Amino acid sequence: MTTLMSHTLCLKDSTPFSLSHSAPAYVHNRTHTRWRSPQAAVIPNLHLPMRSYEVKNRTYVDDIKSLRLITAVKTPYLPDGRFDLEAYDALVNMQINGGAEGIIVGGTTGEGQLMSWDEHIMLIGHTINCFGTNIKVIGNTGSNSTREAIHATEQGFAVGMHAALHINPYYGKTSMEGLIAHFESVLSMGPTIVYNVPSRTSQDIPPHVIHSIAENPNLAGVKECLGNERIKQYTDNNRIVVWSGNDDECHDSRWSYGATGVISVTSNLVPRLMRQLMVDGKNDSLNSKLRPLMEWLFTEPNPIGINTAFAQLGVSRPVFRLPYVPLPLHKRVEFVELVNEIGRENFVGKKDVQVLDDDDFILIGRY
């Protein structure tokens, strides 16, 4: 004869209780207004497996806050779609020689959205290994999944990145409380830049969310794409560090609205000129000179323009990971004219700029 045994559960620091007909359906904790899962209640969020206390290469938040020109660097590809690390290394060296103080690895411009996490972390680690003593390396380890963002950020700091870039959860989106909880989950790991780009996420990160997380010592600042009036809200009274996320506004952001600098796409092409724009004082003439190039780069969604430009300059192969395709012929002709107007000597690379035929481009869907 089989005896039916009752199941007994134990809660931490409490006496056992039996699930009988007289037992309550749940245990109510009167000291908390919001329910927490037992695991979240018992296990503190310390990220123990990946944490390191080694300090010789540690970057402090103030080291990130002082950066004025950060380039969102492009990722070049080989004809089979793998990373072209030789071309990538040359691009990073061009940024260092051009005066950029930091680079974003695997951001929107670097097509992190088309990378596996293995590729992503490998590229961050490679960049740190080769260039980490000469430029600040900021890994884009953000995700719309908090779990993925935590894991990728742990790995990014474990391979040595100096700071993380975190976007708000996109597509699925969340509540304002959810935004705060998401950012708090990743801020504990190291210096962090929060990235607000509603045109891509369909959700603004409003100032009260930034103010809620601003007391965390790891918040380096905000990459803000909502314009100069929003930037002014941070810089006027709260002294929150802000980088403009819009190249066409960054000159005024820096010199009229209090931004520390820019996280730039255009600096991939003309790093020395963008450094002048951010470091050497107000320069309306140079800003006007670069505006047509900035507008051309964003004719179609980034990174289509920068990918096309690099191919035309011969500093990367004309290889596109789909769904990105090159700008059409008439826009490529416009780019040649822009390079000649601004001066080829101001652009990266040494080859003559070319229009390229449609058949010169390689489009890859599987890699």
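Every value quoted in this text rests on a predicted model; they were computed, and no experiment measured them. Below, each value reflects all heavy atoms present in this structure, side chains not excepted, and no hydrogens, waters or symmetry copies.
With 3.5 Å as the limit, one finds no donor-acceptor pair spanning the side chains of Thr192 and Asn218. Asn268 and Thr71 share no donor-acceptor pair across their side chains, judged by distance under 3.5 Å alone. Side-chain contact, Thr127 with Tyr88: a donor N or O sits under 3.5 Å from an acceptor N or O.
Listed by chain and number, the residues in a side chain to side chain contact (heavy atoms under 4.5 Å, CB included) with Ala87 are Pro76, Asp84 (sequence neighbours excluded). Shown here are the side chain to side chain contact (heavy atoms under 4.5 Å, CB included) partners of Glu300, two or more places apart in sequence or in another chain: Ile304, Leu327.
Side chains of Trp255 and Asn283 form no contact here, defined as non-hydrogen atoms less than 4.5 Å apart. Between Leu297 and Leu269, the closest side-chain pair of non-hydrogen atoms falls below 4.5 Å. Contact check for Met122 versus Val159: no side-chain heavy atoms found under the 4.5 Å cut-off. For the pair Pro326/Leu363, a side-chain contact is recorded, criterion being any heavy-atom separation below 4.5 Å from C-beta on.
Sorted by first then second residue, the salt bridge (charged side-chain N to carboxylate O under 4.0 Å, His left out) pairs that include residues 262-285, not counting sequence neighbours, are Glu101-Arg275. Sequence neighbours left out, the pairs with a member in residues 339-364 that pass side-chain hydrogen bond (donor to acceptor under 3.5 Å, both in side chains) are Arg332-Asp358.
Checking side-chain atoms of Arg68 against main-chain N and O of Val279 turns up no donor-acceptor pair under 3.5 Å. With hydrogens and angles disregarded, a donor-acceptor distance shorter than 3.5 Å links the side chain of Asn246 to the backbone of Cys225.
By the 4.0 Å N-to-carboxylate-O rule, Arg230 lies too far from Glu249 to be salt-bridged with it. The pair Lys331-Glu334 counts as a salt bridge, with a side-chain nitrogen and a carboxylate oxygen less than 4.0 angstrom apart.
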Check the pair Val105 / Phe131 against side-chain contact (heavy atoms from CB on, under 4.5 Å), numbers first and verdict last.
-> CA-CA 12 Å; Val105 177; Phe131 307 104; over 6 Å; no

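With side-chain heavy atoms closer than 4.5 Å counting as contact, directly or through intermediates, the hydrophobic cluster containing Val209 also holds Met176, Leu179, Ile180, Phe183, Leu187, Val194, Ile205, Ile210, Ile213, Leu219, Val222, Ile231, Tyr234, Ile240, Val242, Tyr257. When hydrophobic side chains of Ile, Leu, Val, Met, Phe, Trp and Tyr are connected at separations under 4.5 Å, Leu78 ends up as a singleton with no cluster partners.
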